[in-house]
Amino acid sequence: MSVALAVPCFIDAFFPEVGIASLELLERLGVDVVYPQGQTCCGQPMANNGCQGAAKGAEAHFVDLFGDFDAVVMPSGSCVHHLREHLDAVPQTDRVRHLRAHTYELVEYLHDILKVEAFPWAEFPHRVGLHNSCGTLRSLRTASMSELGEAPFSKPLDLLAGVRGIEFVTPARADECCGFGGTFSVAEDAVSGRMGLDKVRDHAQAGAQYIVSADTSCLMHQQGCAKRAGVPIRFIHIAQILNGARA
């Protein structure tokens, strides 16, 4: 398979270590990964705000770069959700339809396509609380939703169980939104900030030393809330743990 790594713009700008960990992890697992140069935004921020016309250029450029790969992997559930469900500012050619059907969030790709069960190089001797973003939970369905009363499952926890030394703790309201919501955190900053603080405190009260997530945007928001409130908790992307980071 020809596999491309797409690194979201905010990860490239603020958390490049997450993009590097994603690349290194895929290569450790034997995937021949291509990183197309000239990557920019996938168009999600504009589309989420109803500015479909403004998203057209970014979406068309993304299709030009990634439309011919067998699979595209991204360490961001919200971007993958946009590409699958809302990449409609551009004409729906066979190439676009192929891209929409073959773009995967990193956890999905590791769990469902590669079917990885162990990470022998990884050890993370800390108490960890998992944050499932709303996009990965309710759109990509990488874990069960408590509000549906369905049988529990969790693809991120399945993967993290292959890491030595890790200890999981569960917050009281595990599925509650952290309040980031993209531009919601700008338009409704007071509500967003309170939701983020509630989420961080919930994890801290459960005994978490780290909050881990597959979405850096949620981690960024919660990290800011924790810092302002003086909550002693740290944040890390799941790709970093699976790639062997110990702190």
May I ask you to decide whether D158 forms a salt bridge with K115, counting only side-chain N to carboxylate O separations under 4.0 Å?
no

Are the side chain of T93 and the backbone of V96 linked by a donor-acceptor contact shorter than 3.5 Å?
yes

I236 and Q240: which non-hydrogen atoms are nearest, and at how many Å?
CG1-OE1, 3.5 Å

Does D175 reach the main-chain N or O of M145 with its side chain, forming a donor-acceptor pair under 3.5 Å?
no

Has the side chain of E59 got a donor or acceptor atom that lies under 3.5 Å from a matching backbone atom of A89?
yes

Identify whether L5 and L106 are in the same connected component of the hydrophobic contact network (ILVMFWY, side-chain heavy atoms under 4.5 Å).
yes

Answer with yes or no whether the hydrophobic clustering places M220 together with V191; edges join I, L, V, M, F, W, Y residues whose side-chain heavy atoms lie under 4.5 Å apart.
no

So do P75 and P8 actually touch side chain to side chain, heavy atoms under 4.5 Å?
yes

Decide if atom CD of E27 counts as having more than 12 heavy atoms of other residues, nucleotides or ligands within a radius under 6.0 Å.
yes

Counting N and O atoms only, with roles assigned by atom type, does the side chain of R164 sit under 3.5 Å from a partner on the main chain of P120, one being a donor and the other an acceptor?
yes

I need the minimum non-hydrogen distance between D215 and G77, along with the two atoms involved.
OD1-N, 3.2 Å

Check against side chain to side chain contact (heavy atoms under 4.5 Å, CB included), M195 and F184:
CA-CA 12 Å; M195 291 173 70; F184 172 79; 4.2 Å; yes

Check the pair K56 / V90 against side chain to side chain contact (heavy atoms under 4.5 Å, CB included), numbers first and verdict last.
CA-CA 6 Å; K56 184 176 181 179; V90 293; 4.2 Å; yes

Using atom types as modelled and distance alone, determine if a side-chain donor or acceptor of R100 lies under 3.5 Å from a backbone N or O of L87.
yes

Which heavy-atom pair separates L137 from A143 by the least distance, and what is that distance?
CD1-O, 3.5 Å

Can you get from M1 to V31 by hopping between Ile, Leu, Val, Met, Phe, Trp and Tyr side chains that sit under 4.5 Å apart?
yes

Where at least one partner belongs to residues 10-23, residue pairs that pass side chain to side chain donor-acceptor pair (under 3.5 Å), sequence neighbours excluded:
none

Between OG of S217 and CZ of F14, what distance do you get to the nearest 0.5 Å?
12.0 Å

Can a donor-acceptor pair be found, under 3.5 Å and without considering hydrogens, that links the side chain of D202 to the backbone of R173?
yes

With side chain to side chain contact (heavy atoms under 4.5 Å, CB included) as the criterion, how do L110 and L29 come out once you've worked through the C-alpha distance, each side chain's angles and the decisive distance to 0.1 Å?
CA-CA 9 Å; L110 298 177; L29 293 168; 3.5 Å; yes

How long is the straight-line distance from CZ of F180 back to OG of S78, given to the nearest 0.5 Å?
7.5 Å

Do D70 side-chain atoms and V3 backbone N/O form a donor-acceptor pair below 3.5 Å?
no

In Å and rounded to the nearest 0.5 Å, what is the CG to CZ distance from N243 to F119?
10.0 Å

Can you name the one residue among K155, R141, R84 that meets salt bridge (Lys or Arg N to Asp or Glu O under 4.0 Å) with E108?
R84

Thinking salt bridges, do D94 and R97 make one under a 4.0 Å N-O criterion?
yes

Answer yes or no: is there a donor N or O on one side and an acceptor on the other, between the side chain of Q209 and the main chain of R127, under 3.5 Å?
yes

Heavy-atom closest contact (N132 atom, P156 atom, distance):
OD1-CG, 3.8 Å

I'd like to know if the side chain of R194 and the backbone of G179 have a donor-acceptor N/O pair within less than 3.5 Å.
no

In terms of heavy-atom contacts, C178 and Q222 come closest through CB-NE2, 3.5 Å

Checking L114 against Y109 for the side chain to side chain contact (heavy atoms under 4.5 Å, CB included) test, could you report, in this order, the C-alpha distance in whole Å, the side-chain angles of both residues, the deciding distance, and whether it holds?
CA-CA 6 Å; L114 297 185; Y109 191 73; 3.8 Å; yes

Parallel, tilted or perpendicular: ring planes of F66 versus F69, cut at 30 and 60 degrees
tilted

Angle between ring planes, H203 versus H131, binned at 30° and 60°: parallel, tilted or perpendicular?
perpendicular

Does L99 share a hydrophobic cluster with Y35, counting links as ILVMFWY side-chain heavy atoms below 4.5 Å and allowing steps through other members?
no

Backbone N or O of A239 within a donor-acceptor pair of the H237 side chain at under 3.5 Å?
yes

With a 4.0 Å cut-off on N to O distance, would you call E123 and R246 a salt bridge?
yes

Joint hydrophobic cluster, L26 plus I20, side-chain heavy atoms closer than 4.5 Å
no

Can you find a pair of side-chain heavy atoms, one from T136 and one from V107, that are under 4.5 Å apart?
no

Point-to-point distance, once rounded to the nearest 0.5 Å, from CD1 of I11 to OG1 of T216:
3.5 Å

Euclidean distance, M74 CE relative to H82 NE2, rounded to 0.5 Å:
9.5 Å

In terms of ring plane angle, is the pair Y210 and F124 parallel, tilted or perpendicular, where the classes change at 30° and 60°?
perpendicular

Aromatic plane relationship, H86 with H81 - under 30° parallel, 30 to 60° tilted, over 60° perpendicular
perpendicular

For V231 against R201, the heavy-atom pair lying closest together:
CG2-CG, 4.4 Å

Measure the spacing between OG of S76 and CG of L83 and express it to the nearest 0.5 Å.
9.0 Å

